[in-house]
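Notes for the one structure printed next.
Given the structure is predicted, the values throughout are model-derived calculations rather than measurements. Both counts, for ligands and for their atoms, begin at 1 and track the order of listing.
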Amino acid sequence: MATMRDVAKHAGVSVTTVSHYINKTRRVSDELQMRISAAMEALNYQPNALARSLRRKITHSLGIIIPDSANPFFAEVARGIEDASFEQDYNVFLCNTDGNPKKELIYANVLVEKQVDGILFVASAGTAHDLMRTLAQRKIPLVLVDRDLPDVEADSVLVNNRLGGYQATRHLIDLGHRRIGCIAGPSDLTPSAERVTGYRQALAECSIPIDESLIVKGSFHYQSGFEAAQKLLSLPEPPTAIFACNDLMAVGAISAAIKSGRSVPGQLSVVGFDDIQLASYVNPPLTTVAQPTYDVGMLAAKLLMERLQDRDLPPRRQYLETQLVIRESTAAVGVPA
Ligand code: RIB
């Protein structure tokens, strides 16, 4: 079986140059790349990936940890990560934690055992001290995606959630709504807390008193949005509009409104957050705050691979902007749709 030395001899280059070409550890000129590639084909040389990874402790694999693989938002983030990683010859392992910090830690240890080169992490709770400790001990680079963790110095890709919550609520105020419900996600997760802050900021800016009974907690899942909306719609003075902190809960709110005999948006306007594909398919199509979800994934992978090239880079926090997408689930108050 041909060896790396045979390839080097056939191509008329050093073994070191062949090693740099195979492991992508240094740039090799186009001309030499062609000669090495031709020699590998002529000799039917198969690089030994496992031996290479053991020698260099580089496996060219990454781990992705997400809290809910059934939520299209995380599937699209993972897609962006996977596309960017694959372009750079990295494979990915996708781990779903069901929002369970214990499962999160189990998967972190599995990925450590698999000797992944780095991890892209969407936290399922407000803290992840054990997981962070595990990765720090093994010096495995980490990128925080979508959810920030307090007192953690790591590369992060986040969106401007506060502005997104403000945009959603201000849109409803501009339509004349004054009784605006808010279905929050888990309060220990930064995206939800920041969106509710934006909701409060828009009301305060328009001198609309904040009625705490209009703010109901959900779990980012459809059913929690349905139940939270039922609670809001059974208030003595029900809201005429609801801002839900993600699209799955917003769709649940639409279902609850229709079940209560209300039309959307005629008798209740609903705004979501994420702009998953479902948002444009649901009836009526959902007004929502679009996240650059795929780009969040692509950028997170880019930051991680730059970190793998230079471990001494200072932590980078990148914020991407959201955009209000107005569809048919919102209308001026009191105007029959
Ligand atoms: O839909 C899931 C939610 O959790 C999204 O809004 C995303 O930002 C994540 O935090």
Counting each atom of ligand 1 from 1 as listed, which ones have a heavy atom of Asp146 under 4.0 Å away?
7 (C), 8 (O), 9 (C), 10 (O)

Atoms in ligand 1 flagged as close to Pro191, the criterion being non-hydrogen separation under 4.0 Å
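Those of ligand 1 that fall under 4.0 Å from Pro191 are 10 (O).
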
Quick one: OG on Ser192 to OH on Tyr199, what's the gap to the nearest 0.5 Å?
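Ser192 atom OG to Tyr199 atom OH measures 12.5 Å (nearest 0.5 Å).
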
Closest to atom 6 (O) of ligand 1 (heavy atoms only, candidates Asp274, Ile66, Asp275) is Asp274

Assess, by modelled atom type and distance only, whether the side chains of Asp83 and Tyr294 contain a donor and an acceptor separated by less than 3.5 Å.
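Short answer, yes.
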
Is there a side-chain contact between Val325 and Thr287, using heavy atoms and a 4.5 Å cut-off?
no

Quick one: look up the protein heavy atom nearest atom 4 (O) of ligand 1 and list residue, atom name and how far away it is.
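For atom 4 (O) of ligand 1, the nearest protein heavy atom is Arg147 NH2, 2.8 Å.
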
What residue and atom, counting heavy atoms only, is the protein's closest point to atom 2 (C) of ligand 1, and at what distance?
Asn71 ND2, 3.2 Å

Under 4.0 Å, heavy-atom basis, I'd like to know which part of [X] is in contact with ligand 1: side chain, backbone, both or neither.
X: Asp68; answer: neither
X: Phe273; answer: neither
X: His221; answer: neither

Does Asn161 reach ligand 1 with a nitrogen or oxygen that is under 3.5 Å from one of the ligand's nitrogen or oxygen atoms?
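There is no such contact.
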
